[in-house]
Amino acid sequence: MKKTTILALVLGLCLIGGAACATGGTAKAGSANPEDVLKLLPVDSQGVFFVDIHRAMQTEVASKMIQEDDNYEEYLKFVEESGIDPKEDIFFVAFGLLSGSLGEDMDGAAVINLRYDKDKMLAMIQDKVESEILSADHNGVTVYSASAKEDDEDGYFAFLDDSNVVVGNEEGVKSGIDVFQKTKDNVFQNEDLAGVLDRTDKDTIFWGAMLVPKEDLAKAAEGNPQLSPLQNMNALVLNFDHKNAMVTVKIKAEGDDPDANKQIADMLNGLKAMGAMMIPPDKPELNDLLNSITVDHGADFVLIDASISDEVLQTLKDQLPKEEKEGSEEIK
């Protein structure tokens, strides 16, 4: 999909730490539930990704990351500039990919559910972008746009009410406004995707549900016949969580051809076995990481399941070259 620079900026600031108004919003920051926020995504969403920022920020991992010297400085700076304390004021982020082939030109937008001061947020964003923030009207709601520094593509955002900001490219932001104003159906009216949404575990910190475009799989198989079993896939269900000092990951690909599912599982297990043979003897933590991953399949699914301890992840992080470690911390 197109670069959505303002989305990257706002989400990045949330991860470091971490509106013209219409009527009819019910996703009040601090009391909303995930479904309230999901209802602000448009019916033509191809996929949905959801992050419980508030819960993530309460974890020991997040607290430790914030307290690290450099990160704590950035955290305090963010709180001062934005008036937002990510641990207390940011609740959910729901991201919708709009229908179409997966790629650079795909539209999309995120709804960020939070307590915020509009004037402070505008000032903070203005400080981070190259040009003046522009504004235009869409059905009575102001749509703002700007380009991030060293980027020539515009990002768009709009303040839906005092609890929800929609961020993305132009089409995605306008769709979010239309859904908020109830002139466009929300994602739950998409019968195909709603069925996949029902099969996600919404109690995890991060989850996703996505319809897989068949034309993209066909193109991938044309270039590499070994990938032809993937054309059986209809949808993906993703869940990531953190409990009891463990990161858990579940990636479930849904497909209705048992033979193709077995081929995919065999291919993944083969790659896992090859990876095991390449691990040097002095890197046992890589074996621990690989052994934490299992691949299973059934008549209508392929499942990748992993449970990785914080200790293993910390060991791997400590072994990163200095340059890579600094880069990973900047992303966080």
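Throughout, residue positions are numbered sequentially from 1 according to the sequence presented. Quick caveat, the model's predicted, so the values are computed rather than measured.
Side chain of Gln189 to backbone of Val43: no donor-acceptor contact under 3.5 angstrom is found. Lys214 contributes a side-chain N or O that, together with a main-chain N or O of Gln231, makes up a donor-acceptor pair within less than 3.5 Å. Of the possible donor and acceptor atoms, none in the side chain of Thr200 sits under 3.5 Å from a partner among the backbone N and O of Lys202. A donor-acceptor pair under 3.5 Å links the side-chain atoms of Ser163 to the main chain of Ala29, judged by distance alone. Gln126 places a side-chain N or O within donor-acceptor distance of the main-chain N or O of Ile133, the cut-off being under 3.5 Å. For Ser309 (side chain) and Val312 (main-chain N/O), a donor-acceptor pair under 3.5 Å exists by modelled atom type. A donor-acceptor contact shorter than 3.5 Å links the side chain of Asn164 to the backbone of Ala27. At distances below 3.5 Å, not a single donor-acceptor pair connects side-chain atoms of Arg115 with backbone N or O atoms of Asp162. In this structure a side-chain-to-backbone donor-acceptor pair under 3.5 Å is present from Asp241 to Ile205. Between the Thr204 side chain and the Phe206 main chain, a donor and an acceptor come within less than 3.5 Å of each other.
Note on Asp201 versus Lys250: no salt bridge recorded, every NZ/NE/NH1/NH2 to OD/OE distance being 4.0 Å or above. Using a 4.0 Å cut-off between charged side-chain N and carboxylate O, Glu215 and Lys219 make no salt bridge.
A side-chain donor-acceptor contact under 3.5 Å links Asp178 and Asn139. His54 and Asp89 are not linked by any side-chain donor-acceptor pair at a separation below 3.5 angstrom, with hydrogens and angles left out of the test.
In terms of heavy atoms, Arg55 sits closest to Lys243 at NH2-CE, 3.3 Å. Closest approach of His138 and Lys174 over heavy atoms only: NE2-O, 3.6 Å. Between Gly195 and Arg199, the closest heavy-atom pair is O-NH1, 3.0 Å. Summarising the geometry of Gly208 relative to Phe49, their closest heavy-atom pair is CA-CD2, 3.8 Å, with the distance given to 0.1 Å. Among all heavy-atom pairs drawn from Val166 and Gly176, the shortest one is CG2-CA, 4.4 Å. Listed here is the closest heavy atom pair of Gly96 and Leu41: N-CD2, 4.0 Å.
We find the CE-CG distance between Met210 and Leu97 to be 5.5 Å, quoted to the nearest 0.5 Å. Atoms CG and CE, on Asp256 and Met233 in that order, are 8.0 Å from each other to the nearest 0.5 Å. Going from atom CG of Leu40 over to atom CD1 of Ile112 covers 12.5 Å, rounded to the nearest 0.5 Å. One distance of note links CD1 of Ile53 with CD of Gln58; it measures 11.0 Å at 0.5 Å rounding. Of the inter-residue distances, the one linking Ile304 atom CD1 with Ile251 atom CD1 reads 5.0 Å to the nearest 0.5 angstrom. The distance from atom CG of Asp185 to atom NZ of Lys182, rounded to the nearest 0.5 Å, is 10.5 Å.
Between Phe92 and Phe50, the gap from one ring centroid to the other is short of 6.0 Å.
Both Phe180 and Phe188 sit in one connected hydrophobic cluster of ILVMFWY residues. Membership requires side-chain heavy atoms under 4.5 Å apart, directly or through other members. The hydrophobic cluster containing Met121 also contains Val129, counting ILVMFWY residues as joined when their side-chain heavy atoms lie under 4.5 angstrom apart, directly or transitively. Neither Val37 nor Val179 shares a network with the other; the hydrophobic side chains, linked directly or stepwise wherever heavy atoms of I, L, V, M, F, W or Y lie under 4.5 Å apart, form separate groups for each. Ile293 and Leu236 fall within the same hydrophobic cluster, defined by Ile, Leu, Val, Met, Phe, Trp and Tyr side-chain heavy atoms under 4.5 Å apart, directly or through other members. A single hydrophobic cluster is seen to contain both Met124 and Leu76, as judged by linkage of ILVMFWY side chains at heavy-atom distances under 4.5 Å, directly or through other members.
With a 4.5 Å cut-off on side-chain heavy atoms, Leu217 and Val212 count as touching. Using a 4.5 Å cut-off on side-chain heavy atoms (C-beta onward), Leu193 and Val187 make contact. Side-chain contact check for Leu316 versus Leu286: some heavy-atom pair is nearer than 4.5 Å. Proximity of Asn190 to Asp44: side-chain heavy atoms (C-beta onward) are nowhere separated by under 4.5 Å. For the pair Glu35/Lys39, a side-chain contact is recorded, criterion being any heavy-atom separation below 4.5 Å from C-beta on. Between Met246 and Ile308 there is no side-chain heavy-atom pair separated by less than 4.5 Å. Taking 4.5 Å as the limit, every side-chain heavy atom of Ile84 sits out of range of all side-chain heavy atoms of Val79. Side-chain atoms of Val143 and Ile177, non-hydrogen and from C-beta on, do get closer than 4.5 Å to each other.
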Which donor-acceptor pairs under 3.5 Å do side chains of residues 261-269 form with protein atoms, sequence neighbours excluded?
unit_1	atom_1	unit_2	atom_2	d
Asn261	OD1	Asn232	ND2	2.8
Asn261	ND2	Gly255	O	3.2
Asn261	ND2	Asp257	O	3.4
Asn261	ND2	Gly298	O	3.1
Asn261	ND2	Ala299	O	3.2
Lys262	NZ	Asp266	OD2	2.8
Asn269	ND2	Ala265	O	3.3

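A 6.0 Å sphere centred on CG of Asn244 holds no more than 12 heavy atoms belonging to other residues, nucleotides or ligands. Around atom CD of Gln314, more than 12 heavy atoms belonging to other residues, nucleotides or ligands sit under 6.0 Å away.
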Using side-chain contact (heavy atoms from CB on, under 4.5 Å), reason through Phe240 and Thr248 one step at a time and then give a plain yes or no.
CA-CA 6 Å; Phe240 295 78; Thr248 58; over 6 Å; no
Under the side-chain contact (heavy atoms from CB on, under 4.5 Å) rule, what do Val295 and Leu303 come out as? Steps first, then yes or no, please.
CA-CA 6 Å; Val295 180; Leu303 177 65; over 6 Å; no
With side-chain contact (heavy atoms from CB on, under 4.5 Å) as the test, would you mind laying out the steps for Leu290 and Ile279 before giving the verdict?
CA-CA 10 Å; Leu290 203 58; Ile279 294 174; 4.0 Å; yes
Working note: Leu211 + Val196, criterion side-chain contact (heavy atoms from CB on, under 4.5 Å); need CA distance, chi angles, decisive distance, verdict.
CA-CA 8 Å; Leu211 300 174; Val196 185; 3.9 Å; yes
